[in-house]
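Chain naming here is simple, since letters A, B, ... match the order of the sequence lines and numbering starts at 1 in each. Please read these numbers as outputs of a predicted model, since none were measured by experiment.
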2 protein chains.
Amino acid sequence: MSDKEGKSNLADIAYGLLKRDITEGAFIPGDKLLMSALRERYEIGAGPMREALSRLVAERLVTAESQKGFRVAPMSIEELKDIYFARAQLEAMITELAVARGDESWEAGVIASAHTLSKVTEVHSAEEMLGLWDSRHKAFHLAIAKGCGSAKLLELRLTMLEQAERYRQLWLRQTVFSAAALETKRDEHRQLVDVLLSGDSTKARRMMFEHMMNPVPIISEIMATRGLTRGE
Amino acid sequence: MSDKEGKSNLADIAYGLLKRDITEGAFIPGDKLLMSALRERYEIGAGPMREALSRLVAERLVTAESQKGFRVAPMSIEELKDIYFARAQLEAMITELAVARGDESWEAGVIASAHTLSKVTEVHSAEEMLGLWDSRHKAFHLAIAKGCGSAKLLELRLTMLEQAERYRQLWLRQTVFSAAALETKRDEHRQLVDVLLSGDSTKARRMMFEHMMNPVPIISEIMATRGLTRGE
DNA sequence: TTTTTATAAAATGTAGATATTTTTGCAAAA
DNA sequence: TTTTGCAAAAATATCTACATTTTATAAAAA
């Protein structure tokens with residue numbers, strides 16, 4: 001009685017599965033997405049499959065060329081830089097707004113999610129820990145962004161997050177599996193929270209921009225050594 | 001040898017036609033988009049039609065409910081305000097970047113498109129004049145935005161423009177068909193160009209934000225008197 | 001009225017037909 | 001022998017028509 005959108009048709013399912021497979025690297029950038037292969041893999045007809053693909057094209061995760069089929073969108077250091085720059089600008093702007101407009105319940109949400117994130121250090125299997133830290137990290141940043149009060153800005157933010165996801169995945173392992181990197185992040189987050197609650201929106205904006213740009217050289221490095229396409 | 005994306009399959013065509021029909025008001029917000037009706041109207045099969053519809057859903061111009069079909073996305077004063085606010089924030093941010101980063105060829109582009117826009121006053125039929133002013137107005141703002149140097153930010157800007165299009169359409173007639181309103185706009189544009197070229201990026205940002213927000217009360221008024229759904 | 005049941009309408013999915021692109025095989029020229 | 005051009009075949013993408021499932025409508029019974 002609560003959920004508004006009951007995902008149920010095959011196109012939706014195919015969309016979700018394929019998106020996961022692409023962002024998690026089951027398909028490599030540039031790979032041809034054969035209709036026959038996809039149909040077999042997901043046990044789904046060509047119609048719904050086409051629908052799912054064309055949605056991913058809109059999200060820039062897949063490219064299409066008429067009569068020649070679909071491919072996984074390529075990745076490049078150039079695109080990495082552009083995506084992260086645009087994303088950092090947007091997030092910084094949203095943060096400035098959030099500090100200026102956010103009320104007490106927003107502050108509470110930020111503090112709560114920051115605390116939850118800081119408690120991930122406990123015992124976990126490697127993969128489990130990665131997933132947990134990632135989801136809480138995302139929740140933390142979302143809690144901050146929510147304060148901007150604009151649904152459309154949050155939508156834009158989400159589209160950028162999705163476009164960054166494949167690149168972010170590269171950074172994630174590097175960070176979560178390094179005690180030093182993780183500690184650095186924890187520091188940054190602490191500082192962020194302090195500035196957020198201080199009410200200095202201009203400073204918060206600058207700091208968020210820096211925070212969002214930090215992963216760029218790390219990911220660049222990884223992509224350069226692996227030759228752009230991250231083969232396993 | 002120049003065009004990269006040769007639009008040719010039926011889904012693309014249906015997408016373009018339906019999008020035009022929705023933004024130009026051939027379908028009213030809330031209207032049910034019957035498969036049979038669409039197939040007949042565009043002389044296209046159900047498969048490609050579905051594909052076109054699901055793309056418009058991603059763009060928020062159409063809503064979908066599983067097993068119950070598609071509808072033209074509703075319009076509301078609330079959404080109007082949110083879209084325009086988000087758009088103004090984004091455009092203001094892009095403008096600030098453009099002023100800071102733009103080179104001489106950017107300045108030249110801005111001046112040229114401003115001049116072209118100012119010359120629309122000549123003799124034209126009403127509808128012709130409306131189309132011409134609109135396209136040149138868009139070109140003017142695009143020329144400014146291009147200076148930001150980020151393809152992704154320009155993409156975001158475009159998605160917001162598309163989401164605003166139905167509301168903008170309401171404002172357009174009101175403005176273009178009033179000599180006084182048109183003169184006011186011309187003034188605003190002159191001032192904008194002055195500040196842009198002065199290099200004061202902070203002032204440019206503020207001014208662009210104001211400029212983008214101006215239409216909101218006008219459109220609100222129109223929607224309120226017409227009861228939100230603009231029946232002809 | 002309210003509920004139930006039957007009927008019609010519509011959305012969604014599958015399979016097969018058609019059109020396009022790519023590959024392959026072969027022959028002629030260098 | 002190697003390369004180039006061409007034609008046939010295979011692979012692939014795309015579309016339409018039909019079948020299935022779900023939802024909406026209307027009539028009949030309580």
Exercise. Which residue, A:Arg39 or A:Gln67, contacts DNA chain C at a nucleotide closer to its 5' end, judged by nearest heavy atom?
Worked result: A:Arg39
Just how far, in rounded Å, is [atom2] of [N] from [atom1] of [X]?
{"X": "B:Glu65", "N": "C:dA11", "atom1": "CD", "atom2": "C1'", "answer": "12 Å"}
{"X": "A:Glu40", "N": "D:dA11", "atom1": "CD", "atom2": "P", "answer": "15 Å"}
{"X": "B:Leu33", "N": "C:dA10", "atom1": "CG", "atom2": "C1'", "answer": "14 Å"}
{"X": "A:Leu34", "N": "C:dT20", "atom1": "CG", "atom2": "P", "answer": "20 Å"}
{"X": "B:Arg71", "N": "D:dT23", "atom1": "CZ", "atom2": "P", "answer": "15 Å"}

Exercise. Does anything in residues 47-56 of chain B pair up under side chain to side chain donor-acceptor pair (under 3.5 Å), and if so which pairs, sequence neighbours excluded?
Worked result: A:Arg50-B:Glu51, A:Glu51-B:Arg50, B:Asp12-B:Arg55
Seminar exercise, completed: Sequence neighbours excluded, the answer for ring-ring contact (aromatic ring centres under 6.0 Å, His included) partners of B:Trp106 is none
Seminar exercise, completed: Quick note, salt bridge (charged side-chain N to carboxylate O under 4.0 Å, His left out) partners involving residues 137-147 of chain A, not counting sequence neighbours, are A:Asp134-A:Lys138, A:Lys138-A:Glu165
Exercise. Which residues pass the salt bridge (Lys or Arg N to Asp or Glu O under 4.0 Å) test with B:Glu59, sequence neighbours left out?
Worked result: B:Lys19
For this session: Taking salt bridge (Lys or Arg N to Asp or Glu O under 4.0 Å) as the test, write out the residues that go with B:Arg41, two or more places apart.
Result: B:Asp21
Problem set entry | Steps toward side chain to side chain contact (heavy atoms under 4.5 Å, CB included) verdict (B:Tyr42, B:Ile13) | CA-CA 9 Å; B:Tyr42 303 118; B:Ile13 293 168; over 6 Å; no
Problem set entry | Distance test, side-chain N/O of A:Lys32 to OP1/OP2 of D:dA13, below 4.0 Å | yes
Exercise. Are A:Lys68 and C:dT22 close enough that a side-chain N or O sits under 4.0 Å from OP1 or OP2?
Worked result: yes
For this session: For DNA chain D, find the residues of residues 42-59 of chain A with a heavy-atom distance under 4.0 Å and give them by number; none if there aren't any.
Result: A:Arg50
